[in-house]
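Reckoned from all heavy atoms, side chains included, excluding hydrogens, waters and symmetry mates.
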Amino acid sequence: MNEMVKYLTIVLVLTITAYVFLKPIVTHENEYKVVIVNISNHDVSKVEIIGPGSNTFEMGTIREGHIQDYIFTPKQDGVLEYLIIQNDQSLRGIIESNLKKGDKGDIYVVVGERYKVKIYDEFDI
């Protein structure tokens with residue numbers, strides 16, 4: 001019985017430790033996530049996320065009705081912008097005008113019909 005208690009204690013301690021250390025990694029708790037949502041009837045051929053410092057990321061095609069995300073940790077304060085190309089139209093805008101170093105959270109960039117882009121944060125949805 002004594003060895004069974006030791007075994008269960010070790011398993012319990014390892015499980016709790018793994019949960020504490022892996023949960024922030026899996027859920028991206030300490031990172032900033034930009035989700036591009038294409039609800040239009042046309043593919044988005046290119047998306048570029050331009051952030052302060054070295055946070056620039058380019059996505060390929062996002063088909064109609066699909067999403068794609070970009071997860072990062074802001075390295076500087078500044079403006080987070082987007083460039084979306086759809087049907088040879090360039091759509092530029094600001095995702096976050098006052099992004100702070102180390103900010104975290106989710107923001108949604110929704111591409112709709114007639115080249116309309118709306119920005120929602122995690123609390124708007």
Side-chain angles (χ1 to χ4, degrees):
M1 185 68 177
N2 211 5
E3 287 196 24
M4 180 67 108
V5 172
K6 287 180 185 177
Y7 177 74
L8 289 175
T9 304
I10 290 171
V11 168
L12 183 64
V13 168
L14 288 175
T15 302
I16 291 171
T17 304
Y19 178 79
V20 167
F21 285 106
L22 292 177
K23 183 178 180 270
I25 295 169
V26 172
T27 60
H28 302 288
E29 263 180 18
N30 301 319
E31 296 172 314
Y32 197 85
K33 179 167 59 171
V34 177
V35 181
I36 308 297
V37 182
N38 184 5
I39 61 170
S40 71
N41 289 329
H42 304 283
D43 291 350
V44 171
S45 57
K46 178 183 171 184
V47 176
E48 193 171 301
I49 307 295
I50 305 121
S54 61
N55 293 330
T56 299
F57 181 73
E58 188 174 311
M59 298 177 194
T61 302
I62 302 174
R63 296 189 330 232
E64 56 184 88
H66 286 81
I67 67 172
Q68 190 168 350
D69 61 3
Y70 170 51
I71 301 167
F72 67 102
T73 302
K75 295 179 177 31
Q76 265 182 297
D77 296 352
V79 177
L80 183 64
E81 301 173 281
Y82 66 84
L83 167 65
I84 296 173
I85 298 178
Q86 183 181 37
N87 290 339
D88 297 326
Q89 290 278 345
S90 293
L91 311 168
R92 285 189 171 273
I94 295 174
I95 297 171
E96 178 66 54
S97 61
N98 194 17
L99 186 67
K100 299 286 185 198
K101 179 179 178 180
D103 268 356
K104 52 190 172 187
D106 297 349
I107 197 112
Y108 298 87
V109 179
V110 180
V111 181
E113 288 301 318
R114 298 185 184 174
Y115 309 107
K116 294 198 180 207
V117 177
K118 294 189 178 185
I119 309 294
Y120 300 98
D121 69 14
E122 61 189 326
F123 302 111
D124 291 337
I125 295 179

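Expressed to the nearest 0.5 Å, how far NZ of Lys33 lies from OH of Tyr70 amounts to 14.0 Å. Rounded to the nearest 0.5 angstrom, Lys75 NZ and Lys101 NZ are separated by 9.5 Å. The structure places CD1 of Ile84 at 12.5 Å from CD of Gln89, a figure rounded to the nearest 0.5 Å. A distance of 10.0 Å separates CZ of Phe72 from CD of Glu31, quoted to the nearest 0.5 Å. Taking CD1 from Ile95 and CG from Leu80, the interatomic distance works out to 4.5 Å, rounded to the nearest 0.5 Å. Ile49 contributes atom CD1, which lies 10.5 Å from atom CD of Glu58 (distance to the nearest 0.5 angstrom).
Between Ile94 and Tyr82, the shortest heavy-atom contact is N-CE2, 3.9 Å. Taking each heavy atom of Val79 and Pro52 in turn, the nearest pair found is O-CD, 3.4 Å. Contact record, Asp103 with Leu99: OD2-CD1, 3.7 Å, taken as the closest heavy-atom pair.
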Distance-only criterion, 3.5 Å: show the donor-acceptor pairs between side-chain atoms of residues 35-45 and protein atoms not counting sequence neighbours.
{"residue": "Asn38", "atom": "OD1", "partner": "Ser40", "partner atom": "N", "Å": "3.1"}
{"residue": "Asn38", "atom": "OD1", "partner": "Ser40", "partner atom": "OG", "Å": "2.7"}
{"residue": "Asn38", "atom": "ND2", "partner": "His42", "partner atom": "O", "Å": "3.0"}
{"residue": "Asn38", "atom": "ND2", "partner": "Ile62", "partner atom": "O", "Å": "3.0"}
{"residue": "Asn38", "atom": "ND2", "partner": "Arg63", "partner atom": "O", "Å": "3.3"}
{"residue": "Ser40", "atom": "OG", "partner": "His42", "partner atom": "N", "Å": "3.3"}
{"residue": "Ser40", "atom": "OG", "partner": "His42", "partner atom": "O", "Å": "3.0"}
{"residue": "Ser40", "atom": "OG", "partner": "Gln86", "partner atom": "NE2", "Å": "2.7"}
{"residue": "Asn41", "atom": "ND2", "partner": "Glu113", "partner atom": "OE2", "Å": "3.4"}
{"residue": "Asp43", "atom": "OD1", "partner": "Glu64", "partner atom": "N", "Å": "3.1"}
{"residue": "Ser45", "atom": "OG", "partner": "Ile85", "partner atom": "O", "Å": "3.0"}

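No side-chain heavy atom of Tyr19 sits under 4.5 Å from any side-chain heavy atom of Thr15. In this structure the side chain of Val111 never reaches within 4.5 angstrom of the side chain of Val47, judged on heavy atoms. In this structure, Lys118 and Lys116 have side chains that are not in contact, with every pair of non-hydrogen atoms separated by 4.5 Å or more.
Residues Val20 and Leu12 share a single hydrophobic cluster, defined by chaining ILVMFWY side chains whose heavy atoms lie under 4.5 Å apart.
Residues satisfying the side chain to side chain donor-acceptor pair (under 3.5 Å) test with Glu81, not counting sequence neighbours, are none. Partners of Leu8 according to the side-chain contact (heavy atoms from CB on, under 4.5 Å) rule, which considers only residues two or more places apart in sequence or in another chain, are Met4.
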- Run the numbers on Tyr108 and Ile67 for side chain to side chain contact (heavy atoms under 4.5 Å, CB included), then give the verdict. CA-CA 10 Å; Tyr108 298 87; Ile67 67 172; over 6 Å; no
